[in-house]
> 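Here it is, the structure, as structure tokens.
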Protein chains: 2
Amino acid sequence: MPTINEKTKRAYQNTKLRQSSTIEAVIQLCAEQDPATLTTARIANEIGLSQGALFKHFPNKSRLWESVAGWVSGQITREVFSAADQHQQADQALEAMFLAHVGFIARHPGIPRLMLGELQKPGNGPAKNIIRQTLARYRKKVIGLLDLGIQQGLITSDIDTEAAAVLYLGAIQGLVVQAMVSGEINTLEQAAPRIFKLYSASFRGMSDDPEK
Amino acid sequence: MPTINEKTKRAYQNTKLRQSSTIEAVIQLCAEQDPATLTTARIANEIGLSQGALFKHFPNKSRLWESVAGWVSGQITREVFSAADQHQQADQALEAMFLAHVGFIARHPGIPRLMLGELQKPGNGPAKNIIRQTLARYRKKVIGLLDLGIQQGLITSDIDTEAAAVLYLGAIQGLVVQAMVSGEINTLEQAAPRIFKLYSASFRGMSDDPEK
DNA sequence: CAGAATAAAGTAATTAATTACTTTCTTTCC
DNA sequence: GGAAAGAAAGTAATTAATTACTTTATTCTG
């Protein structure tokens, strides 16, 4: 009953399977290579396929990137948002989101390179737009949670929510880029809580510490 | 006495002049194009030179990138550090540094793309190392100022300085990437003080507001 | 067996670098 | 100071390698 390991066993796989293998391979490869230098030959080789055969499953390279961007967008949104939705208190939701995002990146180290690589390109490519929309949705979620936190009295009411959203995303980026530079992806999850604690100090501010 | 406008007047320019023109052109081009797609032909055309002639002034493309990285590193370090050194109080120095950095990027919008593009590449290319060292030096400067601020009683003594340095760089990155995504470089300098104000709230924390 | 999947070979375009040769600038020497 | 000689900077064309994508023929699979 070849249900689970169908991917590795069968020699001839249908397009749907090949597509998902390809996306997985691209994300894997981005962990060790600049996306801009990723060739169709390298991708095909990674999934044990000839270069030409790749084009039976994707009409062109641009569409391939579009698929990858779509997968990343869906996955990151699902994981991060669901982490947030498990908490009633806004500050806890923000922290859960933060840690979920960093954890996701730690499990898929190629993704920052992938996203930055797309945003790098000027103009409005389809893949870039997907990433852009994902960031915009993310931003709105953060602002929404900050507003909720103000209502709940957990966040200073005089906070600049737009700036706080930028700083939130910047905190993640800073963390990730720092890890990318030093080549230590393993330190990511370890450092994440420290960064968030500092970040949250900017909007807790006040003197009231209910838990201590 | 052809001293000033030598660049535009002379048809045959010496290597030193051509090198600086090339660096300038590359940074200019990065503002509107992905560095990874920048060809020697495009660069040569920008400075009014044939493609082949470029190799009279640089032995190869890699060395060209190295020169560009070196220029960026020197310039950013000089401008940002000198801005910081004009203040005695650590918090003011940090703010001046922050604004100087953002201002520098606003004047050279291609630089983030350039630096991110280099950091994108895995391995240890010479150009990447220059960028890496620049960031490391920058990080140390920030940590040094935070320590000074603690001594001066301007910064909470229980602060996690390493995390604060990461968040500092992340704040700039977040700001810049946000602007890159939305395509609005003009909003950069406008938003910068708001971000820094929020950032600094994370280490001022306490209730004492000497100025209000 | 019929259709889908694959490998293998081919194409046209692009790119960094080289080459053969020309033009301009700089130095030398009378 | 001015011509002659040499160094430096320039062009235009070419090369070898690489790339995304196509075509053809073969092999697997329901």
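In what follows, chains are A, B, ... by sequence order, proteins preceding strands, each numbered from 1. Side chains are part of it too, since the values below use all heavy atoms of this structure and drop only hydrogens, waters and symmetry mates.
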> Using the six-membered ring of A:Trp65, assess whether NZ or CZ of A:Lys121 lies under 6.0 Å from its centre and within 45 degrees of the ring axis.
yes
> Just the rounded figure in Å: distance from P of D:dT19 to CD of A:Gln33.
10 Å
> Answer yes or no: is there an ion pair linking B:Glu79 with B:Arg107, defined by an N-O contact shorter than 4.0 Å?
yes
> Base, sugar-phosphate, or nothing for A:Lys56, non-hydrogen atoms under 4.0 angstrom?
base
> Can you check the A:Gln13 CD to D:dG30 P distance for me, whole Å?
12 Å
> Using atom CG of A:Leu38 as one end and atom C1' of D:dA20 as the other, report the distance to the nearest whole Å.
13 Å
> Would you please test A:Asp91 and A:Arg204 for salt bridge (charged side-chain N to carboxylate O under 4.0 Å, His left out) and show each step?
CA-CA 9 Å; A:Asp91 56 345; A:Arg204 281 196 235 277; 3.0 Å; yes
> Relative to the ring of B:Phe81, is the ring of B:Tyr138 parallel (under 30°), tilted (30 to 60°) or perpendicular (over 60°)?
perpendicular
> How would you label the contact of A:Leu54 with the nucleic acid (heavy atoms, under 4.0 Å): base, sugar-phosphate, or nothing?
nothing
> Toward the 5' end of DNA chain C, which comes first, B:Lys61 or A:His57, by nearest nucleotide?
A:His57
> Output yes when B:Lys141 and B:Asp85 qualify as a salt bridge under the 4.0 Å nitrogen-oxygen rule, no when they do not.
yes
> In whole Å, I'd like the distance from the CG atom of A:Leu49 to the P atom of D:dT26.
19 Å
> Roughly how many Å is it from CZ in B:Phe55 to C1' in D:dT15, rounded to a whole number?
13 Å
> Once you apply a heavy-atom cut-off of 4.0 Å, does B:Ser50 come out as touching a base, just sugar-phosphate, or nothing?
base
> From CG of A:Asn45 over to P of C:dT6, roughly how many Å is that when rounded to an integer?
15 Å
> With respect to the side chain of A:Thr39, which nucleotide from C:dA5, D:dT19, C:dT15 is positioned closest?
D:dT19
> Considering just the side-chain nitrogens and oxygens of B:Arg18, establish if one lies under 4.0 Å of OP1 or OP2 belonging to D:dG10.
yes
> From the options C:dA5, C:dT23, C:dA17, select the nucleotide whose nearest atom is closest to the side chain of A:Asn14.
C:dA5
> OP1 or OP2 of D:dC21 sitting under 4.0 Å from any side-chain N/O of A:Thr40?
no
> Look at the side chain of B:Gln51 and decide which nucleotide, out of C:dG10, C:dA5, D:dA13, has an atom nearest to it.
D:dA13
